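Have a look at the structure below, then the notes.
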Amino acid sequence: QVQLVESGGGLVQAGGSLRLSCAASGRTFSVYAMAWFRQSPGKERECVASISRSGGTTYAADSAKGRFTISRDNATNTVYLQMNNLQPQDPLVYLCAAQFIPYPDSVWTNYAYWGPGTQLTVPS
């Protein structure tokens, strides 16, 4: 098993940037594909980006392309989400997820391990 804890959320003005971190502990981090999802009240969880075990392959949702970048550091058991040009319509809660597969995956039901989430606020 793996335990995940997100950090880095907060309040940022429209157009600003933020970097989220997800620290993993437990089983060897490098065996898991990782992903960032986001969710607003009443809406389904949406994959923002995912990354393969090695970090060599990534997936980004259309809404994230050009603004968000996922990366990982297997030496420190951490996955990151760099978010640029944030807008008020960007959802509130960002969650880190892990699954014991080699490739990126955008389907939230395929992920077994989740962090508690970190909140983003972008005032309009």
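It should be emphasised that the depicted structure is a prediction, and the values quoted were computed from it without experimental measurement. Values reported hereafter were calculated over all heavy atoms of this structure, with side chains retained and with hydrogens, waters and symmetry mates removed. We count residues from 1, following the sequence as given.
- When only modelled atom types and interatomic distance are considered, S40 and E46 share no side-chain donor-acceptor pair under 3.5 Å.
- Counting only N and O atoms by type, the side chains of N84 and S17 include a donor and acceptor under 3.5 Å apart.
- Atoms OH and CD1, on Y103 and I51 in that order, are 16.0 Å from each other to the nearest 0.5 Å.
- Formation of a donor-acceptor pair under 3.5 Å by the T118 side chain with backbone atoms of G9 is found in this model.
- Of all heavy-atom pairs between M34 and L4, the closest is CE-CD2, 3.9 Å.
- Remark: A33 engages I101 in a side chain to side chain contact (heavy atoms under 4.5 Å, CB included) (not counting sequence neighbours).
- The shortest heavy-atom contact between A60 and K65 is O-CE, 3.2 Å.
- Residues V122 and L11 are members of separate hydrophobic clusters, defined by side-chain heavy-atom contacts under 4.5 angstrom among Ile, Leu, Val, Met, Phe, Trp and Tyr.
- We find the SG-CH2 distance between C96 and W114 to be 9.0 Å, quoted to the nearest 0.5 Å.
- Taking the centre and axis of the six-membered ring of F29, the NZ or CZ atom of R72 falls inside the cone set by 45° and 6.0 Å.
- Between the OG atom of S21 and the CG atom of L81 there is a distance of 9.5 Å, given to the nearest 0.5 Å.
- Taking the six-membered ring for Trp and the full ring otherwise, Y111 and F37 have centroids separated by under 6.0 Å.
- Remark: side-chain polar atoms of T28 are not paired, donor with acceptor, to backbone N or O of S30 under 3.5 angstrom.
- Considering only heavy atoms from C-beta on, W36 stays 4.5 Å or farther from S50 through its side chain.
- Counting only heavy atoms from C-beta outward, the side chains of Y80 and I70 never approach each other to under 4.5 Å.
- In terms of modelled atom types and a separation under 3.5 Å, the side chain of Q82 and the main chain of R19 share no donor-acceptor contact.
- Distance OG/S25 to CD/Q3: 4.5 Å, rounded to 0.5 Å.
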Stepwise side chain to side chain contact (heavy atoms under 4.5 Å, CB included) test for L18 and L120:
CA-CA 9 Å; L18 210 61; L120 168 71; 3.7 Å; yes

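- The shortest non-hydrogen separation linking Q99 to A112 is OE1-CB, 3.6 Å.
- Between S106 and C47 the shortest heavy-atom distance is O-CB, 3.2 Å.
- In this structure, P123 and V12 approach most closely via the heavy-atom pair CD-O, 3.3 Å.
- With rounding to the nearest 0.5 angstrom, the NZ atom of K43 is 10.0 Å from the CG atom of L92.
- Annotation for L20 and Y94: closest pair CD1-CB, 3.5 Å, computed over non-hydrogen atoms.
- For the pair Y113/Q1, a side-chain contact is recorded, criterion being any heavy-atom separation below 4.5 Å from C-beta on.
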List the steps, then state whether side chain to side chain contact (heavy atoms under 4.5 Å, CB included) holds for L95 with E6.
CA-CA 7 Å; L95 304 107; E6 303 93 339; 4.0 Å; yes

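- For the pair D90 and R67, the minimum side-chain heavy-atom distance is below 4.5 Å.
- M83 contributes atom CE, which lies 12.0 Å from atom CG of N85 (distance to the nearest 0.5 angstrom).
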